[in-house]
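Reviewing the structure listed below.
Below, each value reflects all heavy atoms present in this structure, side chains not excepted, and no hydrogens, waters or symmetry copies.
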Amino acid sequence: MLNEKKIALMTKMAIYEQKEGRKSLPMSKYYRSDYISLRIINTAIVTTIAFFLIAGLAVLVNVEKLLDELVSMDLMKIGKNILIAYIVVILFQTAMTYIVYSYRFKKYRKGLNEYNGNLKKLYAINKQESKQMNSQGGLEDEQPIEH
């Protein structure tokens, strides 16, 4: 006998898994702070690599000019400016990452809470069906036949 309530619930859950669940279900493994921290660390690493690649590219583009003025340059001042620029970029990227992923976590958490509620309902339906089946003499947990 088909349980229409169970089928409707499973259909709703399958639709969620196919659409929003692809992004939100992997996130469900993390606490909020862990999820955001992991994203911030990832962003800091990628931003550091990008910053130094862009700085290296700027040096390569202006290599002739830099070599002509190398003796008269204040390398400490240039180093400080690069460090300050790096810190500003990292702080900006970290702040943006925190804001974006906090919003995403909050947004997806609502859907996950509903999904988890549906899982509990489905579990309760299965448990009730199992009790009914056992009370009618059906064997749900069949034991292997020993020879």
Side-chain angles (χ1 to χ4, degrees), residues 1-134 138-142 144:
M1 184 167 138
L2 296 176
N3 185 340
E4 290 181 20
K5 187 177 179 182
K6 182 178 176 181
I7 293 170
L9 193 58
M10 290 173 72
T11 303
K12 184 177 181 180
M13 291 169 60
I15 290 170
Y16 175 81
E17 288 173 5
Q18 297 243 331
K19 292 183 180 178
E20 191 176 327
R22 288 186 180 182
K23 293 180 182 177
S24 63
L25 288 175
M27 184 193 70
S28 68
K29 296 185 266 185
Y30 301 103
Y31 290 109
R32 180 182 179 272
S33 59
D34 293 340
Y35 177 74
I36 294 170
S37 297
L38 184 64
R39 299 299 174 204
I40 287 174
I41 290 168
N42 187 28
T43 299
I45 291 169
V46 170
T47 301
T48 300
I49 292 169
F51 182 85
F52 287 110
L53 285 175
I54 291 170
L57 185 62
V59 168
L60 288 175
V61 168
N62 297 312
V63 72
E64 188 176 330
K65 181 181 175 185
L66 290 172
L67 289 175
D68 288 342
E69 299 175 6
L70 186 62
V71 176
S72 63
M73 285 185 191
D74 185 4
L75 296 178
M76 288 298 282
K77 183 178 179 181
I78 293 172
K80 285 180 186 178
N81 288 340
I82 291 173
L83 182 62
I84 290 170
Y86 173 72
I87 291 171
V88 168
V89 168
I90 286 290
L91 290 176
F92 177 76
Q93 284 295 104
T94 302
M96 293 304 297
T97 300
Y98 180 82
I99 291 167
V100 168
Y101 285 103
S102 292
Y103 172 77
R104 285 185 185 174
F105 190 88
K106 186 177 180 180
K107 175 184 164 188
Y108 289 137
R109 186 46 101 188
K110 290 178 185 177
L112 280 170
N113 288 340
E114 184 179 335
Y115 180 78
N116 287 335
N118 288 339
L119 280 175
K120 288 178 184 178
K121 289 177 190 175
L122 186 61
Y123 176 75
I125 291 170
N126 284 336
K127 194 172 183 181
Q128 184 180 17
E129 285 179 353
S130 173
K131 284 181 182 179
Q132 287 176 352
M133 195 171 201
N134 287 337
L139 295 174
E140 180 164 295
D141 294 325
E142 295 182 14

Handout entry: Y108 OH to Y103 OH distance, which is reported to the nearest 0.5 Å
Key = 9.0 Å
Problem - Pairwise side-chain contact, I40 with I36, heavy-atom cut-off 4.5 Å (strictly under) - result: yes
Problem - Residue E64 excluded, over 12 heavy atoms near CD under 6.0 Å - result: no
Handout entry: Y86 and T48, any side-chain heavy atoms less than 4.5 Å apart
Key = yes
Problem - L119 side, atom CG; M10 side, atom CE - distance, nearest 0.5 Å - result: 10.5 Å
Problem - Nearest atoms (heavy-atom pairs only) where I78 meets M73 - result: CD1-SD, 3.7 Å
Exercise for the section: Any chance you could measure S33, atom OG, to F105, atom CZ, to the nearest 0.5 Å? Expected result: 8.5 Å
Fill in the blank from the handout: So CG of D68 and CG of N62: to nearest 0.5 Å the spacing works out to 11.5 Å
Problem - Residue pair Q93 / V46, side-chain heavy-atom distance below 4.5 Å - result: no
Problem - More than 12 heavy atoms from other groups under 6.0 Å of CZ on F92 - result: no
Exercise for the section: Please tell me if the side chains of N42 and L38 come closer than 4.5 Å, counting only heavy atoms from C-beta onward. Expected result: no
Problem - Gap between atom CD1 of I41 and atom OG1 of T94 - 0.5 Å precision - result: 10.5 Å
Completion exercise
Interatomic distance, CG@N134 vs NZ@K131, rounded to 0.5 Å, equals 10.0 Å
Practice task
Mark yes or no for whether S130, through its side chain, and N126, through its backbone, hold a donor-acceptor pair below 3.5 Å.
Solution key: no
Exercise for the section: May I ask you to establish whether R32 and Y35 are in a cation-pi arrangement, using a distance under 6.0 Å from NZ or CZ to the six-membered ring centre and at most 45° from the ring axis? Expected result: no
Handout entry: Other residues, nucleotides, ligands: >12 heavy atoms within 6.0 Å of F51 CZ
Key = yes
